[in-house]
Amino acid sequence: MAGHSKFKNIMHRKGAQDKKRSGMFSKLSREITVAAKMGLPDPDMNPRLRAAVNAAKAQSMPKDNIQRAIDKASKGDAENYEEVRYEGYGPNGVAIIVEALTDNRNRTATNIRTAFSKNGGNLGASGSVSHGFERLGLIEYPASAGDEDKVMEAAIEAGADDVQSDEDGHQIWTQTDGMHDVAKALEATLGEAEAVKLAWKPTLTTEVSGDSVATLMKLVDALEDDDDVQTVWGNYDISDEELAKLG
């Protein structure tokens, strides 16, 4: 079990996702509908749906919207979304994984390819970069959940593998098959998590600096802005000083 780490939230720039309200609710709704369709429409009986609902609540999504997304799946009038993963390279050879939920693979593939090519990257074949990542469970808590020692103790007790804490919050890593059990155990000590999800954690990170930082962030933003894209993961490491230069 590792302690404090300088590992940053490298899915995207810290806080960038929070500022993007446009389109966020529709992405959350899509995940809720897909989760409800794949299992029971009851969050207590469907771990993926529970995680999706909690993620929506964390973004202050209205209860009516959440229920509407669940009902859509129950009534059988939801679009047939499929989960698709794209892999590619950004500036400086940074490895990027894009997870999407789409009802039109051709449209999504074209949009993803265009985003990569217009922003200093290129779309690779399936499996071209995922070998450099581990597929793990990720449970996120705000800094207000407790100090590093309290969270570490709770995580060890719950059976987690690793904890990374900084001033922005805590990331608790687990094996994929034990993620929901660990999350449930943590609730007793730390309360409800901000997010519980499957994640791609890089085994090695690539430091990015200078002009490449702005280009990379434009690529990440372009990918995240696509309606079909749910999550963008990368192995990039950008210092706070470099991020500050972006303004």
Exercise. Can Asn92 and Ser212 be counted as having a side-chain donor-acceptor contact under 3.5 angstrom?
Worked result: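 The answer is yes; a qualifying pair exists.
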For this session: Please determine, by modelled atom types, if Trp200 and Glu134 share a side-chain donor-acceptor pair under 3.5 angstrom.
Result: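 On atom types as modelled, these side chains do not qualify, holding no pair under 3.5 Å.
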Problem set entry | Side-chain donor/acceptor of Ser128 to backbone N/O of Gly124, under 3.5 Å |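 Side chain of Ser128 to backbone of Gly124: no pair is present.
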Exercise. NZ of Lys27 to CG of Leu101: how many Å apart, nearest 0.5 Å?
Worked result: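 Between atom NZ of Lys27 and atom CG of Leu101 there are 10.0 Å.
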Problem set entry | NZ on Lys184 to CZ on Arg50, rounded to 0.5 Å |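 So the CZ of Arg50 and the NZ of Lys184 are separated by 7.0 Å.
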Using 4.0 Å as the upper bound for N to carboxylate O, is an ion pair formed by [Y] and [X]?
X: Lys245; Y: Glu242; answer: yes
X: Glu31; Y: Lys37; answer: no
X: Glu99; Y: Arg135; answer: yes

Using side-chain heavy atoms (C-beta onward) and a distance below 4.5 Å, is [X] in contact with [Y]?
X: Gln164; Y: Lys201; result: yes
X: Lys118; Y: Arg113; result: no
X: Ile172; Y: Tyr141; result: yes
X: Glu157; Y: Thr189; result: no
X: Glu87; Y: Phe133; result: no

For residues 102-112, please give each side-chain donor-acceptor pair under 3.5 Å, one per line with the distance, not counting sequence neighbours.
unit_1 : atom_1 : unit_2 : atom_2 : d
Thr102 : OG1    : Asn104 : N      : 2.8
Thr102 : OG1    : Asn104 : O      : 3.0
Thr102 : OG1    : Thr108 : OG1    : 2.6
Asp103 : OD1    : Arg107 : NH1    : 3.4
Asp103 : OD1    : Arg107 : NH2    : 2.8
Asn104 : OD1    : Asn106 : N      : 3.2
Asn104 : OD1    : Arg107 : N      : 2.9
Arg105 : NH1    : Glu82  : OE1    : 3.0
Arg107 : NE     : Asp228 : OD2    : 3.1
Arg107 : NH2    : Asp228 : OD1    : 3.1
Arg107 : NH2    : Asp228 : OD2    : 2.9
Thr108 : OG1    : Asn104 : O      : 3.1
Thr108 : OG1    : Asp228 : OD2    : 2.7
Thr110 : OG1    : Asn106 : O      : 2.9
Asn111 : ND2    : Asp226 : OD2    : 3.2

Problem set entry | Pair Met179-Trp173, side-chain contact (heavy atoms from CB on, under 4.5 Å): steps then yes or no | CA-CA 8 Å; Met179 177 178 71; Trp173 296 91; over 6 Å; no
For this session: Report the C-alpha separation of Gln230 and Lys197 in whole Å, then their side-chain angles, then the decisive distance to 0.1 Å, and conclude whether the side-chain contact (heavy atoms from CB on, under 4.5 Å) test is met.
Result: CA-CA 12 Å; Gln230 293 295 106; Lys197 57 196 168 190; over 6 Å; no
Problem set entry | ILVMFWY network linking Leu40 to Val34, side-chain heavy atoms under 4.5 angstrom |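 Different clusters.
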Problem set entry | Intermediate values then yes/no, side-chain contact (heavy atoms from CB on, under 4.5 Å), Tyr89 and Val129 | CA-CA 8 Å; Tyr89 294 94; Val129 305; 3.4 Å; yes
Problem set entry | Exercise: identify the closest heavy-atom pair between Leu49 and Pro43 |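 Taking Leu49 first and Pro43 second, the nearest heavy atoms are CD2-N, 3.8 Å.
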Problem set entry | Minimum-distance pair of heavy atoms, taken over all atoms of Thr215 and Pro91 |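 Closest pair (atom of Thr215, atom of Pro91, distance): CG2-CG, 3.7 Å.
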